[in-house]
Amino acid sequence: MGSLAVVAATALAAGCGTPGGSSDDAARTTTTASAKPDIAKAGDVTLTVWDQEVRGGQAAQIKKLNQQFMAKYPNVKIRRVAKSFDDLNTTLKLAVSGPKAPDVVEANQGLGVMGQLVKGHLLRPVDDYAKIYNWADRYPSLLLDLNKFEPTGTTFGTGQLYGLSQMGEIVGVFYNKKKVTEVPKTLADFEAQLDKAKAAGDTPIQFGNLDKWPGIHEYETVLGQTAPKDAVRNFVFQKDGASFDTPEFQAAAGKLQDWVKKGYFTKDFNGTGYDPAWQRFAKGKGTFLIAGTWLVADLADQMGDDVGFFTMPGTQAGDPVALGGESLPFTITSKSKHPDVAAAYIDFLTDQNAANILTETKNLAAMKYDTPAPEGALTQDVATAWKALGSADGLIPYADYTTPTFGDDLGGAIQNMLALKDSPTAFTADVQKKVDASKSGN
Amino acid sequence: MATRPAIAEEVPVAPARGGDRPPGEPRRIGYVYLIPALLIFGAFTLAPLMHAIWLSLFQWDGVTAGKWVGLSNYSDVFSDPVQRKAFGHALILIVFYALLPTAIGLLLAGAVARTQVRGFTFFRVVLFLPQVVALVVVAVMWRMIYDPNNGPINETLRHLGLGGLAKSWLGDFGVALPAVGLIGTWVMYGLCMVLLTAGVQKIPKSLYDAARVDGAGPVREFVAVTLPALRGEIAVALTLCTIQALRNFDIIYNTTKGGPGDATSVPAYQVYRRAFETGQVGSAAAMGLTLAVVIFLLSTAINQIAERGAKG
């Protein structure tokens, strides 16, 4: 016990205050911009930007846009710090709260990263700039909502806007054109094709769930067809009264279990990695693959014109609903000394010119602008699906946004459910219990 | 005791020139020499440790002001089923990471003790190789080996007509933890073997000769000569492997991420998740410190048992 006292005394003597207490929580006075600032007259400015655009087409577009921005405003120098997604997420909080905070950072949506930063008043709301630059017309409403937060940092989807994203993302169905000649119009059509593939001795849906998160994409892709899209959105944004434990959410689980029982998925999917699964599909094994548009470049490379993409059809033909979202938003830090320049930079990264460059570099531009048709059949399928979802307002958000621990909680619960260890009702009840526990823990 | 003269009294206390003293005299200045090492140790080991202890008393998300919660993060370690389960898994992993490798190492050492193996150095290198490979590489490789569809284990089983035994090794709730554990066995047994065979080589040949004269067979020889002589090495092997078992993160993170469900979740993985992903820094610190205490207690216990045995 004596040693414990010494330890406590030393800790106090070391002068540890309450952790995080030094950053004053009083609302910072931010000047509100009311007119389009003239960047050319802003003097010499160095803008430090932390992004995670490090892979192929992503890296190409950001390099090009940065060059163009610096050419347009020779007085502005962009100091780019490129990090991998994981590295960015784990180091961002410290960097933004430190004395040499970057000006513009890509802050991942949801409570884990963006929520924490908003709670700590470390990001500057950009509603004033949104008005000046008319950003609201640039995006489908869900894509702006995803970058909004209440000032408390605990609720998102509403509140103040904190940034803009460049690229869209859809989770849909890739299909092998050699095996599927007609794109299914309804969920029943799709199931009939699964049955046919099974009868032909093929793996109907290539699926690898060892990494825990892929199951969330299968689940929500079906959920979009069994539940009204607003029920999913309200749950993810944790609106009052929204619940996971409803018949519609159970129906999606029931449908998936049905598919498991009929052998529509890769055998032993819970022990198969995500990468081996899609690679097998790329090699022509399997008929369908439920995955996100991040695989487009790889699949097009390997399968050429033999691969197509559609969003999961609903129980009736009609407006599409699909799981999707957008890339990490570019946000402005509270400590930035050049918010005007930062806002102009974000505007530049998401305008019509940027949309064209994104398309050229084989990215899916999130903005509503018309862009020249992309090369390649698969990219065209994806662009068409994105447009259709945009005009039907059909995107539903990733459920892992719900609570900071939800990605892991839901991923684990779905592994249980898909292994038929939990009935659909037990599954939804268990998940809702975890949501409640996580919320009361905060 | 009272008669023992205090050395300091015999020496003139304030000599004009310090250098005149005979060598070996205790002087306060001695402590000054400790300062550089102490500063480094303090700055890089003690201070972070103290800071972690301090943080563990808060509910803190890493950004906003933390909330003092006293010892409740520690009581959570025992009451929260998620954390308790993780510690339970870690204890099971000790079997695979420490007990099995030591047993295999002992068998190999016992075999080597009796006979001269030609080219033994070569075999030792080969058997030790898993220790040299980075754990991330080990994990990625074993993910391929365990792949249920075209991983070599299941392929082999199917070729042998034992397809019924083929499993979803990392995806099956009952099998995943032992499967991850066996990766640990593979990594650690080489280290145990090297430690134990080195121990065997210092056992005097005369002991074996005496045992053989007394008519001891290989088993008797192993139990009566090899095993007692290796007590120290066994303790070292067990300690190193137990620590590895408890702080095991890389293999879990790169194979199953704690899944399926939370069937392979371990404390070190929970610490990482809480500290860097879910904004529960206080809880992560409490888990980490609890883990450190468990490691400390277990390694003390192992060495106590080894020492007590040596005396008796």
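Below, chain A is the first sequence line, B the second, and so on; all start at residue 1.
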Problem set entry | Distance-only polar pair, side chains of Q432(A) and D436(A), donor-acceptor under 3.5 Å |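 Looking only at side-chain atoms, D436(A) and Q432(A) do form a donor-acceptor pair, the distance falling under 3.5 Å.
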
Problem set entry | Whether F427(A) and F244(A) hold their rings parallel, tilted or perpendicular, with breakpoints at 30° and 60° |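 Perpendicular.
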
Problem set entry | Contact class of T266(A) relative to chain B, heavy atoms under 4.5 angstrom |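 Answer is side chain: those atoms of T266(A) sit under 4.5 Å from chain B.
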
With only heavy atoms counted, which part of [X] is less than 4.5 Å from chain A, the side chain, the backbone, both or neither?
X       : result
S265(B) : neither
R273(B) : side chain
D61(B)  : both

Among the options [options], pick out the one with the most heavy-atom pairs lying under 4.5 Å from chain A.
options                            : result
F173(B), W68(B), Y146(B)           : F173(B)
D262(B), N149(B), T256(B), L170(B) : N149(B)
N150(B), L49(B), L46(B), D172(B)   : N150(B)
P260(B), A275(B), G282(B)          : P260(B)

Problem set entry | Winner by heavy-atom pair count (cut-off under 4.5 Å) against chain B, out of L210(A), D211(A), T90(A) |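 Maximum pair count with chain B is reached by L210(A).
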
Exercise. In terms of heavy-atom pairs under 4.5 Å, which option from N416(A), T91(A), L117(A) contacts chain B the most?
Worked result: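 Heavy-atom pairs under 4.5 Å are most numerous for N416(A).
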
Check whether any side-chain N or O of [X] sits under 3.5 Å from a backbone N or O of [Y] as a donor-acceptor pair, and report yes or no.
X       : Y       : result
K212(A) : G261(B) : yes
S168(B) : P148(B) : no
Q415(A) : G259(B) : no

For this session: Quick one: do Q280(B) and T278(B) satisfy side-chain hydrogen bond (donor to acceptor under 3.5 Å, both in side chains)? Show the steps, please.
Result: CA-CA 6 Å; Q280(B) 299 165 281; T278(B) 60; 2.7 Å; yes

For this session: Indicate yes or no: does R280(A) engage D147(B) in a salt bridge with an N to O separation below 4.0 Å.
Result: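 Yes, charged N to carboxylate O under 4.0 Å.
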
